[in-house]
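Structure first, commentary second.
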Amino acid sequence: MTRPRTAVLTALLFALLAALTAGPSAAARAAEPPAVVLSQKEGGKGGTLTVSGSGWQPGALLMLLICGQGEPGKGVVGGTNSCANTDGRAATVDTRGAFSTRLPVAEPPKPCPCVVHVAVVTGPRGAAAGTDTVDVAFTVAGHPTAPLPAATGDGRLAVLTSARLEGSGGVLVWFGAPARREVVVTVGNLGQNAVKDPVFEVGSRHGVLSPQYEEQQWRGTIQPGRKALVRLPVELTAGAHGDYRVSVRYGGKVLVEQPWAVGRPWGVTLFWLLLALVVPAALFRIGMAVVDRVRPPEARAPARRRRPRRGGTPASASASDPGPGPRPASADAPTAVLPWFTPDSAPSDNSPTTKGRS
């Protein structure tokens with residue numbers, strides 16, 4: 001029983017010692033900054049050299065270039081514009097954090113001092129120190145040499161891709177709310193110094209009017225030779241519609257100008273149409289109510305006048321008429337006269353023309 005226990009304890013002890021010895025070395029490798037080693041320090045145009053590296057993050061894609069106007073620790077003046085980009089190479093870091101590739105020697109567009117520029121393109125960045133670019137001194141035989149240009153201060157930003165407007169208007173924009181968009185553009189630093197928190201000027205104009213610019217600060221740092229995606233908000237006035245142009249300016253120079261077609265706020269037009277119909281109808285109803293309220297009571301219910309009857313009997317007399325049927329004779333009532341006889345020409349009982357009488 002004691003032998004199996006002893007064997008288990010021994011195995012655990014060896015495993016613990018291996019972990020303790022491997023831990024510091026792994027941590028040291030993780031904290032080790034990326035390094036680049038060249039097979040030769042000088043070469044002529046048309047030759048090749050082997051570039052090897054260690055301490056990089058596994059799976060990262062690297063870009064290798066020979067650049068002019070560069071020094072280790074200072075970077076490359078002008079970014080990749082000072083490099084032989086057509087003769088560059090790409091390398092992928094293996095699982096151990098190392099890589100090795102052959103790079104053709106080419107003359108850069110700028111004079112030496114020259115360097116071999118290794119930078120991360122995609123994937124995980126460099127080591128724990130945060131470095132994703134390494135420059136190693138290299139001499140291109142027969143290439144001109146000139147001192148590095150003096151620093152000019154701020155970097156120089158340029159547009160690398162076409163700009164676009166992102167975003168959409170909501171329901172409130174249909175009723176005259178301000179339209180909002182984002183100007184999205186990719187810019188690159190062509191200068192020799194890093195640009196930190198650049199301040200852009202965003203403006204919009206309509207027709208022939210000049211744009212009204214507002215300052216928009218972008219948070220971030222653009223290193224020399226690097227690029228960044230910049231998003232800048234832009235907003236129009238309430239009720240604005242028609243064809244607009246959005247401009248982005250940096251350092252007094254217009255970088256991009258993007259057209260923007262803003263639709264008409266038809267909700268406002270519908271509101272005014274409804275108002276034009278409802279308000280007159282409401283005023284008419286109010287006026288009629290006021291007139292009905294202030295006119296006298298006699299005018300409110302006028303007495304209906306009866307038309308006289310055909311026989312010439314006034315309406316007051318017909319009001320006392322008991323209705324159809326025999327009427328009682330009245331001594332005062334005048335004798336009805338036929339229309340074709342006058343009282344003087346009516347026949348009488350003593351007239352000799354009366355038939356049957358002598």
Side-chain angles (χ1 to χ4, degrees), residues 63 65 67-71 73-83 85 88 108-110 115 117 119-122 125 130-133 135 148-169 178-238 240 242-262:
M63 175 183 61
L65 299 170
C67 305
Q69 290 186 345
E71 285 186 0
K74 293 184 178 180
V76 178
V77 177
T80 55
N81 290 335
S82 301
C83 305
N85 297 308
K110 300 294 182 179
V115 294
H117 180 76
V120 176
V121 178
T122 60
R125 294 300 175 183
T131 304
D132 58 358
T133 301
D135 296 320
L148 292 177
T152 57
D154 296 336
R156 184 162 56 92
L157 298 182
V159 177
L160 302 182
T161 59
S162 59
R164 64 182 186 274
L165 292 175
E166 291 186 356
S168 60
R180 297 181 178 88
R181 293 292 188 275
E182 272 190 346
V183 184
V184 182
V185 61
T186 302
V187 298
N189 186 1
L190 305 182
Q192 59 184 0
N193 296 329
V195 178
K196 183 178 181 181
D197 299 337
V199 178
F200 296 90
E201 293 178 297
V202 182
S204 60
R205 65 181 179 90
H206 182 60
V208 297
L209 301 178
S210 59
Q212 301 293 328
Y213 288 99
E214 294 183 359
E215 293 185 352
Q216 300 283 349
Q217 187 173 20
W218 182 77
R219 298 292 182 180
T221 302
I222 307 176
Q223 299 294 337
R226 309 294 293 179
K227 61 182 180 180
L229 185 66
V230 178
R231 295 177 177 269
L232 302 171
V234 58
E235 178 179 337
L236 300 180
T237 58
D243 295 329
Y244 282 79
R245 299 193 71 87
V246 180
S247 304
V248 178
R249 189 169 64 178
Y250 178 76
K253 179 182 178 181
V254 177
L255 299 180
V256 295
E257 193 174 26
Q258 185 72 12
W260 183 9
V262 184

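In terms of the side chain to side chain donor-acceptor pair (under 3.5 Å) criterion, residue partners of Arg164 (sequence neighbours excluded) are, by chain and number, Glu166. In this view, Ala119 and Met63, His117, Thr133, Arg226 satisfy the side-chain contact (heavy atoms from CB on, under 4.5 Å) rule, not counting sequence neighbours. Residues forming a salt bridge (Lys or Arg N to Asp or Glu O under 4.0 Å) with Glu215 (at least two apart in sequence, or on another chain): none. Residues satisfying the side chain to side chain donor-acceptor pair (under 3.5 Å) criterion with Thr186, sequence neighbours excluded, are Thr161. The side chain to side chain donor-acceptor pair (under 3.5 Å) search around Glu235 returns Arg180, not counting sequence neighbours.
Pairing each heavy atom of Gly70 with each of Leu148, the nearest pair is N-CD2, 3.9 Å. For Ser82 against Pro108, the heavy-atom pair with the smallest separation is O-CB, 3.5 Å. Between Pro198 and Gly220, the closest heavy-atom pair is CD-O, 3.8 Å. Taking all atoms of both residues into account, the shortest heavy-atom contact from Tyr250 to Val199 is CD1-O, 3.4 Å. For Val76 against Cys83, the heavy-atom pair with the smallest separation is CG1-SG, 4.4 Å.
Pairs of residues two or more places apart, or lying in two chains, that qualify as salt bridge (Lys or Arg N to Asp or Glu O under 4.0 Å) and include a residue from residues 196-213 are Asp197-Arg219, Glu201-Arg249, Arg205-Glu257.
The residue from Leu232, Val246, Leu236, Val234 that alone fulfils the side-chain contact (heavy atoms from CB on, under 4.5 Å) condition with Arg181 is Val234.
In this structure, CG in Asn189 is found 13.5 Å from NZ in Lys227, a value given to the nearest 0.5 Å. Between the CG atom in Leu157 and the CG atom in Leu255 there is a gap of 7.0 Å [rounded to 0.5 Å].
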Verdict with reasoning, Val183 to Gln258, per side chain to side chain contact (heavy atoms under 4.5 Å, CB included): CA-CA 8 Å; Val183 184; Gln258 185 72 12; 5.7 Å; no
